[in-house]
Amino acid sequence: MSSAQTFSEKDPNRHKRVSVQSNPGFLERLSDTAGGTVLGIGLFFLSIYVLFTNEGRALQTASSLDEGLSQVVSLDSFSILDPQNNNRLVHLSAKLRTLQPLHDPNYRVAVQAVKLQRQVEMYQWVEYRDSKDYQENGETKTETTYTYNTEWKSELINSRNFDKEIGHQNPSAMAVESVTVEAPEVRVGPFILSKGLVEQINNFQTLSLKDFPLLSLDSFLTIDDDYFYHTQSPRRPEVGDVRVRFSFAGLSGETSNLGPAQTVSIVAMQRGEQLKPFKTKSGDVLEILYQEELSAEEVFEKEQKNNSMKTWGLRAAGWALMFLSIQLTMRIIYTLVDWVPLLRDLVSVGLKIFALCVSCSLSLLTIGAGWLFYRPLMAAALAALALLPVFLVRSGLASKKNE
């Protein structure tokens, strides 16, 4: 059973609360450890799934990229539509083009771009918590310090969840909502981009309001540091004040004070005047866009590097899951001896070393099994590497026995 006390301080935006709870008994701690064991077993099988399937995914992606590079057709940016390239994988580098500017009528902003984003922030109260545990009179006490600051936040913060809402109330809704609008049709050369290609145009840049030709604004709006402020005092905001910033992605106008239209490099399937996803025989879909001018070889080289980075990232994530799962599973041993201080510390260190060694070996074995299934020629080398520590230990024991 727990109780709580609040210690008020002179600062109205800072207070402390201390909660007291009796130390759990042996059976209660053992029950909690059993729940961690079940979770550890689940994470163990999840790590095996991640490590094993990652090898197949990496091989499939690499094969699909090699297949695509072997048959891609590079087009000139001024090429006319060639019916012979229908349903073929093509490469093209050219400037983005849209039919008309994107508008935000509320703020009289217009930009010739693929995407226009309105980002809204409200000045709100934010609660921060800092907790520390300590033992006193055979009980576990938790001292939590609550601090309240006012900050600009893009998400609405519900002050009803605060420990002390009085004096720190936030509005229940924003007067203006954030929104992103897209051009209905985006072209590169003679082609119309698919939705998947348009989604990859996301290099948002803040719209500068200093040199932008703005029309007369309403009296309640103030411009400061590339923001529209719904207040007359942007340097001294109050809770509930709103500010708005605009950003754009994919400049596409012929003439613009923001700069030239952006050049992109695309690898996709030509179907009439549309650029669509291309399904490879290996099973992957190729629909690639880079926001720079690249040759077809450079595009596929970047994709191979991305595939390699993703593969190693998932390998590391799979190992981390396995290490955590073994620690959780073996935690019950620590609980059985945690009433003996010296033995508890030794067991804790030993379990960490055990989890590290076992997770490394099992991760390599799982990757080796994946290679055995997907890449049989390399599996034997990985399996031998994983079993090397076992062979070294056995040989060491045998030599000591002979002595």
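For the numbers below, each heavy atom of this structure counts, side chains included, while hydrogens, waters and symmetry mates do not.
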Evaluation steps, side chain to side chain donor-acceptor pair (under 3.5 Å), between Asp226 and Thr206: CA-CA 8 Å; Asp226 295 333; Thr206 300; over 6 Å; no
Working note: Arg108 + His103, criterion side-chain contact (heavy atoms from CB on, under 4.5 Å); need CA distance, chi angles, decisive distance, verdict. CA-CA 7 Å; Arg108 301 181 177 93; His103 295 268; over 6 Å; no
Going through the distances and angles, do Gln270 and Leu75 end up as a side-chain contact (heavy atoms from CB on, under 4.5 Å)? CA-CA 11 Å; Gln270 175 181 330; Leu75 306 178; 3.9 Å; yes
Before giving the answer on side-chain contact (heavy atoms from CB on, under 4.5 Å), spell out for Thr329 and Phe44 the whole-Å C-alpha distance, their side-chain angles and the decisive distance to 0.1 Å. CA-CA 9 Å; Thr329 304; Phe44 179 79; 5.8 Å; no
Set out, in order, the CA-CA distance, both residues' side-chain angles and the distance that settles salt bridge (charged side-chain N to carboxylate O under 4.0 Å, His left out) for Lys302 and Glu292, then state yes or no. CA-CA 12 Å; Lys302 282 181 172 288; Glu292 56 183 320; 3.7 Å; yes
Steps toward ring-ring contact (aromatic ring centres under 6.0 Å, His included) verdict (Tyr374, Phe52): CA-CA 10 Å; Tyr374 298 108; Phe52 187 86; 5.7 Å; yes
One pair to check against salt bridge (charged side-chain N to carboxylate O under 4.0 Å, His left out): Asp163 and Arg17. What are the steps and the verdict? CA-CA 9 Å; Asp163 186 71; Arg17 183 181 295 275; 3.1 Å; yes
Give the intermediate values and the outcome of side-chain contact (heavy atoms from CB on, under 4.5 Å) for residues Gln262 and Asn203. CA-CA 11 Å; Gln262 185 174 26; Asn203 61 329; 2.9 Å; yes
Could you go through Gln119 and Gln117, starting from their C-alpha distance and side-chain angles, then the distance that decides it, and tell me whether this counts as side chain to side chain donor-acceptor pair (under 3.5 Å)? CA-CA 6 Å; Gln119 301 165 292; Gln117 187 177 77; 3.2 Å; yes
Would Arg235 and Asp224 count as a salt bridge (charged side-chain N to carboxylate O under 4.0 Å, His left out) here? Give the steps. CA-CA 9 Å; Arg235 301 293 180 176; Asp224 184 69; 3.2 Å; yes
Could you give me the CA-CA distance, side-chain angles and deciding distance for Glu177 and Arg118, then say whether salt bridge (charged side-chain N to carboxylate O under 4.0 Å, His left out) is met? CA-CA 8 Å; Glu177 297 294 334; Arg118 183 175 69 195; over 6 Å; no
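Counting heavy atoms from C-beta outward, Asn149 and Tyr128 have side chains that approach closer than 4.5 Å. Counting heavy atoms from C-beta outward, Gln205 and Ser247 have side chains that stay 4.5 Å or more apart. Leu258 is listed as a side-chain neighbour of Phe248, based on a closest heavy-atom distance under 4.5 Å. Proximity of Gln124 to Met174: side-chain heavy atoms (C-beta onward) are separated by under 4.5 Å at one or more points. Looking at Val186 and Ile192, their side chains never come closer than 4.5 Å, going by heavy atoms from C-beta outward. In this structure the side chain of Val267 reaches within 4.5 angstrom of the side chain of Phe300, judged on heavy atoms. Ser359 is not listed as a side-chain neighbour of Leu324, based on a closest heavy-atom distance of 4.5 Å or more. Within the 4.5 Å cutoff, the side chain of Asn106 has no heavy atoms near those of the Val176 side chain.
In this structure, OG1 on Thr366 lies 12.0 Å from CG on Asn54, to the nearest 0.5 angstrom. In this structure, the separation between CG on Leu321 and CD1 on Ile326 is 11.0 Å, given to the nearest 0.5 Å. Remark: Leu102 CG to Ser252 OG distance equals 7.0 Å, nearest 0.5 Å. With values rounded to the nearest 0.5 angstrom, Asn307 atom CG is found 13.5 Å from Lys305 atom NZ. Taking CD from Glu293 and OG1 from Thr263, the interatomic distance works out to 6.0 Å, rounded to the nearest 0.5 Å. Rounding to the nearest 0.5 Å places CG of Leu197 at 9.5 Å from CD1 of Ile288.
The side chain to side chain donor-acceptor pair (under 3.5 Å) test with Arg271 singles out one residue from Asn86, Asn87, Asn85, and that residue is Asn87.
When every heavy atom of Pro171 is checked against every heavy atom of Gly240, the shortest pair comes out as CG-CA, 3.7 Å. For the pair Thr53 and Tyr49, the tightest heavy-atom approach, listed with the atom from each and the gap, is OG1-O, 2.7 Å. The two atoms that bring Gln291 and Leu289 nearest to each other are CG-CD2, 3.8 Å, heavy atoms only. Listed here is the closest heavy atom pair of Glu297 and Leu69: CA-CD1, 4.2 Å. Taking every heavy atom of both residues into account, Leu99 and Gln112 meet most closely at C-NE2, 4.0 Å. Scanning both residues, Thr144 and Ser131, for their nearest heavy atoms gives OG1-OG, 3.0 Å.
When the shell of 6.0 Å around CD of Glu238 is examined, it contains 12 or fewer heavy atoms from other residues, nucleotides or ligands. Atom CD of Gln84 sits in a sparse spot, with 12 or fewer heavy atoms from other residues, nucleotides or ligands closer than 6.0 Å. Counting heavy atoms of neighbouring residues, nucleotides and ligands inside a 6.0 Å radius, atom NZ of Lys153 exceeds 12 of them. Heavy atoms from other residues, nucleotides or ligands lying under 6.0 Å from CD of Glu143 number more than 12.
Defined by atom type and a distance below 3.5 Å, a donor-acceptor pair is present between the side-chain atoms of Arg57 and Thr311. Counted by atom type alone, Gln304 and Asp66 present one or more donor-acceptor pairs between their side chains at under 3.5 Å. Remark: the Trp125 side chain and the Thr150 side chain contain no N/O donor-acceptor pair separated by less than 3.5 Å. Between the side chains of Thr145 and Asp130, no donor N or O sits under 3.5 Å from an acceptor N or O.
One N or O on the side chain of Lys115 and one on the backbone of Val198 form a donor-acceptor pair closer than 3.5 Å. Listed for the Glu67 side chain is a donor-acceptor partner under 3.5 Å among the backbone atoms of Lys281. For the pair Asn170 (side chain) and Ile157 (backbone), a donor-acceptor distance under 3.5 Å is present. Between the Ser233 side chain and the Pro237 main chain, no donor and acceptor come within less than 3.5 Å of each other. Checked by atom type and distance alone, the side chain of Ser265 pairs as donor or acceptor with a backbone atom of Leu294 at under 3.5 Å.
Scored by the ring pair (Phe, Tyr, Trp, His ring centres under 6.0 Å) test, Trp152 finds Tyr123, Tyr229 as partners (sequence neighbours excluded). Checked against ring pair (Phe, Tyr, Trp, His ring centres under 6.0 Å), Phe162 has the following partners two or more places apart in sequence or in another chain: Tyr148. Among residues two or more places apart in sequence or in another chain, the ring pair (Phe, Tyr, Trp, His ring centres under 6.0 Å) test is passed with Phe204 by none.
Note that Arg129 lies outside the cation-pi zone of Tyr146, set by a 6.0 Å cut-off to the ring centre and a 45° limit from the axis.
Using a cutoff of 4.0 Å between basic side-chain nitrogens and carboxylate oxygens, Lys164 and Glu127 are not scored as salt-bridged.
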